Protein chains: 2
Amino acid sequence: MSDADSSVARERVIESMEQSAEVYGLSRSSGRIYGVLYFASDPLSIPELVDETGYAKSTVSNVTRTLSRIGLIHRKSSTGGGRRVRFEAEREVWFILQDVFQQYIQREVQTTLRTIHRAEEQVATETREQERIRELRETYEDLEEIVQLASEYSAAELREALETYER
Amino acid sequence: MSDADSSVARERVIESMEQSAEVYGLSRSSGRIYGVLYFASDPLSIPELVDETGYAKSTVSNVTRTLSRIGLIHRKSSTGGGRRVRFEAEREVWFILQDVFQQYIQREVQTTLRTIHRAEEQVATETREQERIRELRETYEDLEEIVQLASEYSAAELREALETYER
DNA sequence: TGGTTTGTTCGGATTGAGCCGAACAAGCAG
DNA sequence: CTGCTTGTTCGGCTCAATCCGAACAAACCA
């Protein structure tokens, strides 16, 4: 219940975020920087992030750029105050997961489907290859629709949709 | 429509699989070896895979081991015939995706949740950290349930569940 | 204007993953 | 028993990613 306990708990969660970042194909530094921002009460500048994380200024600069691009954190260019750029974490984790989904899975599914379609056009006769490709296409078409729909729902809605579904 | 066209189409799809493998955190060689097995009419041995893919014997050995472990291909230890081990692709792509989901996402979600629970126990009083951690926990609990349910449905069922859901 | 703070960009060191070839183990065939 | 095929394991090479420090650019302050 003390501040020390709080910061230990915070540190544990941030370490977990470092690990999650790796699972999702990001660097450990991304996980830590996001974690520090997640718990920060105000947006932080790059020098502040350097203090908090121990990473070099250049690392923080690069990581914040990519995290901003992906939408995990938001860049607030405060034209007014002393510091120039400050970063804030996107705390709606579900949004983040949706973004990752869209950027990774959906794109992958779509490019694969495009390849499959082109391959199918090329092979007119019914060979074994053709059949295999068709099977692949059918699964991917389901998958495309699933990903599309899932990205439109909130976590609670998605959960409910699955829980109330009767086969 | 000729054999040449077929094999070009096959090659295209296999290249696409190489790329997909990278997206899912596997090596390109994994994608190619899976692809060759996906289109093969019979299970293939390691020397045959060496011929088909051009990779070294050791590479094929290592990759087939990991792919078997994940469930992307199946090891058929034919005690009878001349060749000893042969591999067959799991062609139900949806099963594969479910496996990947289970192994990557579900495990990640569960370990994160465990960390969060422990962190919450430690911090009794309502600090800002505590609140942030609680928000995180709620999203992850939804997510855990979603992943759990999704892994029990077929692609078609899942698609239907989402399509018929009325908010 | 000169100095300080902030942020970006560049080159380089370190590390890990992927792949290879060679050595080794284990069956089968003669 | 001696080769021949198959599969695994080991050490090493290469390449890419990560991170660092230094140099640079840009804005603010005195």
Side-chain angles (χ1 to χ4, degrees), chain A residues 14-15 17-37 42-70 72-88 104, chain B residues 14-15 17-37 42-70 72-88 104:
Chain A
I14 292 181
E15 279 169 11
M17 286 175 172
E18 286 181 331
Q19 213 171 340
S20 300
E22 279 188 320
V23 173
Y24 295 125
L26 298 172
S27 60
R28 293 186 68 81
S29 53
S30 300
R32 173 153 297 268
I33 288 174
Y34 174 81
V36 167
L37 288 174
D42 300 304
L44 298 182
S45 67
I46 288 186
E48 287 166 337
L49 282 172
V50 169
D51 284 348
E52 294 275 340
T53 63
Y55 284 110
K57 204 172 43 157
S58 54
T59 304
V60 174
S61 174
N62 287 321
V63 169
T64 49
R65 180 148 39 93
T66 61
L67 288 182
S68 300
R69 187 165 42 78
I70 311 181
L72 269 139
I73 66 178
H74 301 293
R75 187 190 196 94
K76 320 220 108 182
S77 42
S78 62
T79 50
R83 298 186 208 81
R84 281 185 284 188
V85 201
R86 294 187 306 168
F87 297 94
E88 195 175 42
Y104 281 73
Chain B
I14 291 180
E15 278 169 11
M17 287 175 172
E18 285 181 331
Q19 212 169 342
S20 301
E22 279 189 319
V23 173
Y24 295 125
L26 298 172
S27 59
R28 293 185 71 81
S29 53
S30 300
R32 173 153 296 267
I33 288 174
Y34 174 81
V36 168
L37 287 174
D42 300 304
L44 299 183
S45 66
I46 288 188
E48 285 166 339
L49 282 171
V50 169
D51 284 349
E52 293 277 340
T53 63
Y55 284 111
K57 204 171 43 155
S58 54
T59 303
V60 173
S61 174
N62 288 321
V63 169
T64 49
R65 180 148 38 93
T66 60
L67 288 183
S68 299
R69 188 165 43 78
I70 312 179
L72 269 140
I73 65 178
H74 302 292
R75 187 190 197 93
K76 320 218 110 183
S77 42
S78 61
T79 51
R83 299 186 207 81
R84 282 186 282 189
V85 201
R86 294 187 307 169
F87 297 94
E88 195 176 42
Y104 280 73

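It should be emphasised that the depicted structure is a prediction, and the values quoted were computed from it without experimental measurement. Quick note: numbers below take in every heavy atom, side chains included, and nothing from hydrogens, waters or symmetry partners. In what follows, chains carry the letters A, B, and so on, assigned in the order in which the sequence lines appear, proteins first and then strands, with residues in each chain numbered from 1.
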- [ ] Round to a whole Å and report the spacing from CG of B/N62 to C1' of D/dG11.
- [x] 13 Å
Open item on the list: Please pick, from D/dA22, D/dC19, C/dG7, the nucleotide with the shortest atom-to-atom distance to any side-chain atom of A/S29.
Closed with: D/dC19
Task: Closest to the B/S58 side chain, choosing from C/dC19, D/dG21, C/dA22 - done: C/dA22
- [ ] Kindly say if B/R32 contacts the phosphate of C/dG18, meaning a side-chain N or O under 4.0 Å from OP1 or OP2.
- [x] no
- [ ] Give a yes/no on whether any side-chain N or O of A/S27 is located under 4.0 angstrom from OP1 or OP2 of D/dC19.
- [x] yes
Task: B/R65 side-chain N/O to D/dT9 phosphate OP1/OP2 under 4.0 Å - done: yes
- [ ] Answer yes or no: is there a side-chain heavy-atom contact under 4.5 Å between B/L37 and B/L44?
- [x] yes
Open item on the list: Checking contacts here: which listed nucleotide (C/dT8, D/dC20, D/dT8) is nearest the side-chain heavy atoms of B/I46?
Closed with: D/dT8
TODO: Choose from D/dG21, C/dT8, C/dC20 the nucleotide whose nearest atom is closest to any side-chain atom of A/A56.
DONE: D/dG21
Task: Over 12 non-hydrogen atoms of neighbours within 6.0 angstrom of CD in B/Q19 - done: no
- [ ] Give the nucleotide from the list D/dC10, C/dG7, D/dC20 with an atom nearest to the side chain of A/V85.
- [x] C/dG7
Open item on the list: By nearest atom, which of the nucleotides C/dT8, D/dT8, C/dC20 is closest to the B/K57 side chain?
Closed with: D/dT8
Task: Closest approach of A/G35 to A/M17 (non-hydrogen atoms, all atoms of both residues) - done: CA-SD, 3.4 Å
- [ ] Compare side-chain N and O positions of B/S61 against OP1 and OP2 of D/dT8 and report whether any pair is under 4.0 Å apart.
- [x] yes
TODO: Verify the contact: side-chain N or O of A/T59 to OP1 or OP2 of D/dC20, cut-off strictly under 4.0 Å; return yes or no.
DONE: yes
Task: 4.5 Å side-chain heavy-atom contact, B/I73 and B/E88 - done: no
